[in-house]
Amino acid sequence: MSEPTFAGRVSRWYEQNARDLPWREPDVTPWAILVSEVMLQQTPVVRVLPAWQAWLQRWPTPAALATESPAEAIRMWGRLGYPRRAVRLHECATAIVERHAGAVPDQLDQLLALPGIGTYTARAVAAFAYGQRHPVVDTNVRRVVCRAVAGEPDAGPATRPADLVATEELLPAEPAAAALASAAIMELGAVICTARAPRCTACPVETSCAWRASGQVAPPGPTRRPQRYAGTDRQVRGLLLGVLREATGPVPHQRLDQVWTDEVQRGRALRGLITDGLVEPVGEAAYRLIGDGPPAPVPG
DNA sequence: CACTCGTGGCC
DNA sequence: TGGCCAAGAGT
């Protein structure tokens with residue numbers, strides 16, 4: 001036997017220590033995995049868990065979701081954040097029905113062509129739902145590879161082609177083993193090799209970690225300017241959407257006016273929601289979630 | 001490439 | 001208490 005590889009060690013650790021997450025169960029459908037991946041984009045696992053269960057109970061297939069309105073998808077999304085993802089997921093379901101007869105495609109290029117499915121999610125579905133050999137690179141994986149292999153404190157802000165190449169080189173040749181390794185590296189980054197306070201003493205690759213060997217130098221200052229929230233358009237959009245989500249049907253603009261005093265910012269936020277396909281005007285003085293009722297009369 | 005886009009919990 | 005963060009995508 002040769003020395004265990006990096007992926008081999010992490011995979012072994014994963015098999016014994018992986019969190020018991022429902023979308024990792026054996027009989028989970030590709031659609032359920034796709035939904036989990038979209039929900040997990042920038043939203044913590046603990047908040048996704050109940051939302052994922054409820055979503056799939058209501059819409060077990062893309063066809064089931066495509067039957068309903070985008071407004072219902074936005075409501076079902078609840079407070080997971082970034083509600084554009086709910087609209088995209090609805091568009092995604094529709095596209096799957098139209099282009100792929102209701103079956104989640106298994107080819108990377110077809111997955112990438114779906115609304116709301118980007119570099120990470122397409123690869124995650126191809127690997128975790130279909131067992132294909134693709135590097136699945138999220139922020140956790142980039143951090144792990146950057147530290148353990150390159151010996152650097154942290155990765156850059158966005159996934160680059162070089163990140164995919166570096167990760168691909170770590171994967172075993174056999175597809176199923178590669179998919180397992182991808183999940184394992186991701187899990188390591190989420191649980192052990194965390195951004196803030198890595199638990200190196202519990203790490204399966206501590207002895208071969210380049211960052212550890214180099215003295216574990218701290219990352220340079222804030223690589224990204226802090227994302228403030230209070231007072232931003234984002235907050236105002238959230239407030240407006242909260243009102244529309246709770247309402248059934250059109251909401252008079254007077255009610256929306258109450259969520260934020262600054263009229264300029266309020267108007268900008270509302271226009272943004274419309275531009276993004278989350279909200280639509282109804283007549284001259286009311287708004288509703290997109291598709292929340294019969295089509296608005298066409299002017300003219 | 002830099003920027004936008006929610007939300008809630010934690011140290 | 002408030003900055004910081006959590007399985008990205010689209011423009």
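Letters A, B, ... mirror the listed sequences (proteins, then strands); counts begin at 1.
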If you compare every side-chain N and O of [X] against the phosphate oxygens of [N] (OP1, OP2), does one of them come in below 4.0 Å?
| X | N | value |
| --- | --- | --- |
| Arg245(A) | dT7(B) | yes |
| Arg79(A) | dG6(B) | no |
| Arg123(A) | dA7(C) | no |
| Thr121(A) | dA9(C) | yes |
| Gln41(A) | dA7(C) | no |
| Arg237(A) | dG6(B) | yes |
| Tyr120(A) | dA9(C) | no |

Check your understanding: Counting side-chain heavy atoms from C-beta on, which of dG8(C), dA7(C), dC5(B) comes nearest to Ala190(A)?
Key -> dA7(C)

**Study point:** From dC5(B), dG6(B), dA7(C), nucleotide with atom closest to Arg84(A) side chain
**Key:**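 The answer is dC5(B), which lies nearest to the side chain.
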
What's the gap between [N] and [M] when it is taken at their [atom1] atoms, as a whole Å value?
| N | M | atom1 | answer |
| --- | --- | --- | --- |
| dG8(B) | dT1(C) | C1' | 15 Å |
| dT11(C) | dG6(B) | P | 14 Å |
| dC11(B) | dA7(C) | P | 16 Å |

Under 4.0 angstrom, heavy atoms only, what part of the nucleic acid is [X] near: base, sugar-phosphate, or nothing?
| X | value |
| --- | --- |
| Trp77(A) | nothing |
| Thr119(A) | sugar-phosphate |
| Arg24(A) | base |
| Thr139(A) | sugar-phosphate |
| Leu80(A) | base |
| Gly81(A) | base |

Point to revise | Residue list, ring pair (Phe, Tyr, Trp, His ring centres under 6.0 Å) with Trp23(A), at least two apart or on another chain | key: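 Scan of Trp23(A) (ring pair (Phe, Tyr, Trp, His ring centres under 6.0 Å), adjacent residues dropped) gives Trp52(A).
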
Point to revise | Heavy-atom donor-acceptor pair, Arg47(A) side-chain to dT7(B) base, under 3.5 Å | key: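 Result: at least one qualifying N/O pair found.
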
Review point. Quick one: the side chain of Arg19(A) and the base of dA7(C), do they pair up donor-acceptor inside 3.5 Å?
Key: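 Answer yes: a donor N or O sits under 3.5 Å from an acceptor.
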
Practice item. Step through the shown structure and confirm whether more than 12 heavy atoms of other residues, nucleotides or ligands are within 6.0 Å of CD on Glu25(A). Key: yes

Check your understanding: Looking at CG of Leu65(A) and CH2 of Trp31(A), how far apart are the two atoms once the value is rounded to the nearest 0.5 Å?
Key ->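 Here the interatomic distance stands at 5.0 Å.
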
Study note, to complete from the structure: d(Asp138(A) CG, Asp163(A) CG) to nearest 0.5 Å is 11.0 Å

Check your understanding: Between Glu72(A) and Arg58(A), which heavy-atom pair has the shortest distance, and what is it?
Key -> OE1-NH2, 2.8 Å

Point to revise | Of Gln235(A) and Arg160(A), the one whose closest DNA chain B nucleotide lies more 5' | key: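 Its nearest nucleotide lies further toward 5', so the answer is Arg160(A).
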
Point to revise | Asp233(A) vs Arg196(A), nearer the 5' end of DNA chain B by closest nucleotide | key: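 This one resolves to Asp233(A).
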
**Study point:** Comparing Leu21(A) and Pro115(A) on DNA chain C - which has the more 5′ nearest nucleotide
**Key:** Leu21(A)

**Study point:** Residue mapping more 5' on DNA chain C - nearest nucleotide basis, Gly189(A) or Leu112(A)
**Key:**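 The 5'-side residue here is Gly189(A).
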
**Study point:** Nearest-angstrom distance from the residue atom CD of Glu91(A) to P of dA9(C)
**Key:** 15 Å

Atom pairs and distances, donor-acceptor, side-chain atoms in residues 237-251 of chain A, under 3.5 Å, two or more places apart:
from      : atom 1 : to        : atom 2 : distance (Å)
Arg237(A) : NH1    : Asp276(A) : OD2    : 3.1
Arg237(A) : NH2    : Asp276(A) : OD2    : 2.8
Arg245(A) : NH1    : Gly78(A)  : O      : 3.1

